[in-house]
There are 2 protein chains.
Amino acid sequence: MAVKRSSPGSRKPRRTGVSPKSGQEPAGEASLSLERIVANAVDLLDTQGIDGLTMRRLADRLGAGAMSLYWHVDSKEAVFDLALDSVLAYREPAQTGKAQHWRADVIHMLEDWRACMLRHPWSASLLPRRALGPNILGRLERLARTLSRAGVADADLNAGIWSLWNYVMGATVTRGSFDRSDDDRAAAQQRLRDLSQHYPTIERSRLLLDDDWDGAFRRGLDFLLDGIAPRRSKAQPR
Amino acid sequence: MAVKRSSPGSRKPRRTGVSPKSGQEPAGEASLSLERIVANAVDLLDTQGIDGLTMRRLADRLGAGAMSLYWHVDSKEAVFDLALDSVLAYREPAQTGKAQHWRADVIHMLEDWRACMLRHPWSASLLPRRALGPNILGRLERLARTLSRAGVADADLNAGIWSLWNYVMGATVTRGSFDRSDDDRAAAQQRLRDLSQHYPTIERSRLLLDDDWDGAFRRGLDFLLDGIAPRRSKAQPR
DNA sequence: CATTCACTCGTACGCCGTACGATAGAGTCT
DNA sequence: AGACTCTATCGTACGGCGTACGAGTGAATG
């Protein structure tokens, strides 16, 4: 699944040089393009949820027939891949000249990552079964570079990257499991309160009710970065 | 989605006391029951993957009509919930009398958690959108209890639990994104090698090719536990 | 015997992803 | 000009899905 042979259905549409009449599309009736498809898919996912994206609906929105999409895209799976990656693009922080501390850099990127995914809740549930897109890899690369420059030993690098990565992933995915919609937020809270009763320690700490997600995220990140930070006497891993 | 009103379709079947003829079912033709449904669903998921589970197939396997399932189960979603939770049961370690160190205890539970999910790869991709079942909550409770007894301050407890939790979640989910099947494992490796070329730091560290997942998991866990461990002078969170 | 339950299942509806092949227009070559 | 190719669109149809609905069955109960 993760690896696709470049299938016959998808030669790239090269824009034939000649744009339509004027320099800009007026409105709704532009021609199909990968960009428009992906943008509308994201929109659909945002508003209708993960089951709301169907090829027919997507095509309708674009004023096209369902099968027209398949000239630009191999399958619905591909639409998911593209939508996911498109939502995870990272704009570097404004780089105001002053060199950032590596730690701030890492935190910024990871908090932004988390924010991106929370802005599009479907992305968290998609991630586990999708391939790595360029934006995802770009973030990994950046993370690796930052840590490496900060002096993290090569031998520790991969473990460090994956630790941070996993943490962010898990935090986002977990967060997404709670209070998905606002409709039943109250009901969910009640349910969690009921559930808690059978789990005394959890209840006492209000684990399921505490909703300072952002703070918890940041604190865990600090735990990890403390562990990863270079030039500590790391002899006994136990 | 996460919260269901207990819908009308699912009164619990109470076994009417009188078992069939003998004490044990002979073979294939037992009657439907929640246990059999869930067990077969897990089997189907294990062998056919997440798309391989359909209500019709599941019913066939059980020698029943598709709609018969719906007397025991509200919907296909419920089957997913049940299958997921059933796979995540935790058997406490043999408790050989000697008191375990809390750290060993936590590590055991979390490594077991990860192992469970890797044994059933579909579980990782299901987790993000499913409700909390009793086995999942049981593990959280145990984690909370262990940390609390180990002396983690109440104020740090939730952050600690969620950190560990998120980490395990993310590690499992990420792991699942790679080399899903053995069919295309070679192809996947090649693809990753190609990809790496555009991401120099990643390539240098062989991030995507390194396959010591278990080791990386353990090392990250140690990072975190170092950060969480009680009685450290934790004044400056920065 | 009548009624109620616990349980099973056949049929049917509306939706899905997409294989296939028929277009239509624009560009290119002779 | 005519023939041909390439890009792009789309209508139809197929097989499969989840599940609403309601009819059926056999045992327990009154």
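Values below: every heavy atom of this structure, side chains too, minus hydrogens, waters and symmetry copies. Everything numeric in this text was worked out from a predicted model, so none of it was measured. Residue numbers begin at 1 in each chain, while the letters A, B, ... track the order of the sequences.
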| Parallel, tilted or perpendicular for Phe217(A) and Tyr167(A), by the 30°/60° rule? |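 It falls in the parallel class, under 30°.
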| message | Heavy atoms from C-beta onward define the side chain here; which of dG17(C), dT8(C), dG18(D) lies closest to that of Met55(A)? | response |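 Given the options dG17(C), dT8(C), dG18(D), the side chain of Met55(A) is closest to dG17(C).
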| Which nucleotide, dT7(D), dT18(C), dG18(D), lies nearest any side-chain atom of Tyr70(B)? |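 My answer, after comparing the listed nucleotides, is dG18(D).
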Pull out every protein N or O sitting under 3.5 Å from an N or O of nucleotides 9-11 of chain C, one pair per line with the distance.
{"from": "dC9(C)", "atom 1": "OP2", "to": "Gly65(B)", "atom 2": "N", "distance (Å)": "3.1"}
{"from": "dC9(C)", "atom 1": "OP2", "to": "Ser68(B)", "atom 2": "OG", "distance (Å)": "2.9"}

Could you tell me how far apart [X] ([atom1]) and [N] ([atom2]) are, to the nearest whole angstrom?
X: Arg57(B); N: dG18(D); atom1: CZ; atom2: C1'; answer: 14 Å
X: Asp74(B); N: dA20(D); atom1: CG; atom2: C1'; answer: 14 Å
X: Leu58(A); N: dC15(C); atom1: CG; atom2: P; answer: 17 Å
X: Trp71(A); N: dG25(C); atom1: CH2; atom2: P; answer: 18 Å
X: Leu44(B); N: dC17(D); atom1: CG; atom2: P; answer: 11 Å
X: Arg36(A); N: dA8(D); atom1: CZ; atom2: C1'; answer: 14 Å
X: Asp60(B); N: dG16(D); atom1: CG; atom2: P; answer: 12 Å
X: Leu62(A); N: dC10(D); atom1: CG; atom2: P; answer: 10 Å

| query | With respect to the phosphate group of dT8(C), does any side-chain polar atom (N or O) of His72(B) fall under 4.0 Å of OP1 or OP2? | reply |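 Yes, His72(B) has a side-chain N/O under 4.0 Å of OP1/OP2 on dT8(C).
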| request: Among Glu141(A), Arg145(A), Arg142(A), find the one that has a side chain to side chain donor-acceptor pair (under 3.5 Å) with Thr201(B). | output: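 Per the side chain to side chain donor-acceptor pair (under 3.5 Å) rule, the option paired with Thr201(B) is Glu141(A), out of Glu141(A), Arg145(A), Arg142(A).
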| request: Report yes if the side chains of Ile37(B) and Leu82(B) come closer than 4.5 Å at any heavy-atom pair, otherwise no. | output: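 Counting from C-beta outward, Ile37(B) and Leu82(B) never come under 4.5 Å.
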| message | Does any part of the side chain of Arg218(A), heavy atoms only, come nearer than 4.5 Å to the side chain of Ile107(A), both counted from C-beta? | response |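 Side chain of Ile107(A) against side chain of Arg218(A), heavy atoms only: contact under 4.5 Å found.
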| message | I'd like to know if the side chain of Ser75(B) pairs up with that of Glu77(B) as donor and acceptor (distance under 3.5 Å, no hydrogens or angles considered). | response |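 No, Glu77(B) and Ser75(B) have no side-chain donor paired with an acceptor closer than 3.5 Å.
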| message | Check this for me, if you would: do Asp112(B) and Arg91(B) make a salt bridge, where the nitrogen-to-carboxylate-oxygen distance has to be below 4.0 angstrom? | response |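 So Asp112(B) does not pair with Arg91(B) through a salt bridge.
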| message | Please evaluate residues Arg114(A) and Asp214(A) with respect to the criterion salt bridge (charged side-chain N to carboxylate O under 4.0 Å, His left out), reporting the C-alpha separation (whole Å), side-chain torsions for both, the decisive distance (0.1 Å), and the verdict. | response | CA-CA 10 Å; Arg114(A) 173 167 174 271; Asp214(A) 298 353; 3.1 Å; yes
